[in-house]
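Single-structure report; data block below.
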Amino acid sequence: MLKFEEVGPMLQTIINDVSGIFRSTFLTGDWIALVIAFGSVLVAALLMRRGGQIGSMTLLALVLFALGGYLRGVFRAPSGETAGYGERAISQLEASWLHFMDLQAGQLLAYFIAFMAIILVLYGLKSVLNRG
């Protein structure tokens, strides 16, 4: 059984991870990444029919976010690069996979919680607007 002294620092770490992920994903100056992140959250919130679907919709948003980031990397060629789309797609897939494998469980949880919070806000707004 966990003692309160053990839970406090753990919760603080989770809160710090979530706020860091939230800032790095939704509050950066990178407009393309912001559009990808917000678009994936918006799609999930619009597809959500009831509150019980929050877990699966958050997972959908994270998959869409990863797919959008992957496609951005494929179609954004550095200047002077002569590689075709196929070569870039493979190299971007390898880079994306390595980045995913380097994520720690706490970071994955933080992404999940941050995306879930935004989806819940958007779903709440959608529910309020549908009633009116």
Side-chain angles (χ1 to χ4, degrees):
M1 180 105 180
L2 289 175
K3 297 179 183 176
F4 181 72
E5 296 83 28
E6 297 169 353
V7 174
M10 186 176 11
L11 286 177
Q12 185 65 35
T13 301
I14 291 172
I15 291 169
N16 288 339
D17 286 348
V18 169
S19 66
I21 294 296
F22 184 80
R23 279 192 307 267
S24 69
T25 303
F26 293 100
L27 300 177
T28 61
D30 186 0
W31 287 99
I32 296 172
L34 182 63
V35 167
I36 293 169
F38 189 72
S40 65
V41 167
L42 185 63
V43 166
L46 291 175
L47 290 176
M48 198 162 118
R49 299 280 185 243
R50 59 186 187 282
Q53 294 178 312
I54 186 64
S56 59
M57 290 297 113
T58 302
L59 186 59
L60 172 67
L62 288 170
V63 168
L64 291 174
F65 178 65
L67 183 62
Y70 167 74
L71 291 175
R72 177 188 184 191
V74 169
F75 292 112
R76 179 188 55 170
S79 60
E81 184 177 314
T82 59
Y85 282 120
E87 294 168 353
R88 280 197 305 239
I90 291 171
S91 66
Q92 181 63 35
L93 183 62
E94 290 173 351
S96 296
W97 182 253
L98 289 175
H99 179 69
F100 175 72
M101 295 305 289
D102 284 341
L103 288 176
Q104 297 175 354
Q107 291 173 314
L108 289 172
L109 178 63
Y111 271 108
F112 195 84
I113 292 171
F115 274 64
M116 185 186 327
I118 302 288
I119 291 170
L120 283 174
V121 168
L122 292 176
Y123 177 71
L125 288 172
K126 180 183 116 176
S127 297
V128 167
L129 292 175
N130 284 341
R131 290 184 188 166

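When reading the values below, keep in mind they use all heavy atoms of this one structure, side chains included, and skip hydrogens, waters and symmetry mates. Along the sequence shown, residues carry numbers from 1.
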Query raised in the report: Can F115 and I118 be said to form a side chain to side chain contact (heavy atoms under 4.5 Å, CB included), step by step?
Result: CA-CA 5 Å; F115 274 64; I118 302 288; 5.9 Å; no

Contacts table for residues 58-71: side-chain donor-acceptor under 3.5 angstrom, sequence neighbours left out:
| residue | atom | partner | partner atom | Å |
| --- | --- | --- | --- | --- |
| T58 | OG1 | I54 | O | 2.7 |
| Y70 | OH | A89 | O | 3.0 |

Residues at least two apart in sequence or cross-chain that pass ring-ring contact (aromatic ring centres under 6.0 Å, His included) with F22, listed by chain then number, are F26

For residues 96-121, the side-chain hydrogen bond (donor to acceptor under 3.5 Å, both in side chains) pairs (sequence neighbours left out) are Q92-S96

First locate atom [atom1] of [X], then atom [atom2] of [Y], and finally report the distance between them rounded to the nearest 0.5 Å.
X	Y	atom1	atom2	value
I119	L46	CD1	CG	10.5 Å
L93	L98	CG	CG	9.5 Å
S127	L122	OG	CG	11.0 Å
L108	I113	CG	CD1	11.0 Å

Fill in: From CA spacing to verdict: side chain to side chain contact (heavy atoms under 4.5 Å, CB included), L109, D17
CA-CA 9 Å; L109 178 63; D17 286 348; over 6 Å; no

What pairs meet the salt bridge (Lys or Arg N to Asp or Glu O under 4.0 Å) rule with one or both residues in [range], with sequence neighbours excluded?
range	value
residues 42-57	none
residues 24-38	D30-R72
residues 107-117	none

Cluster link F112 to I15, ILVMFWY, side chain under 4.5 Å: no

Can V41 be reached from W31 by stepping across I, L, V, M, F, W or Y side chains whose heavy atoms are under 4.5 Å apart?
yes

Nearest heavy-atom contact between M48 and K126 is O-NZ, 2.7 Å

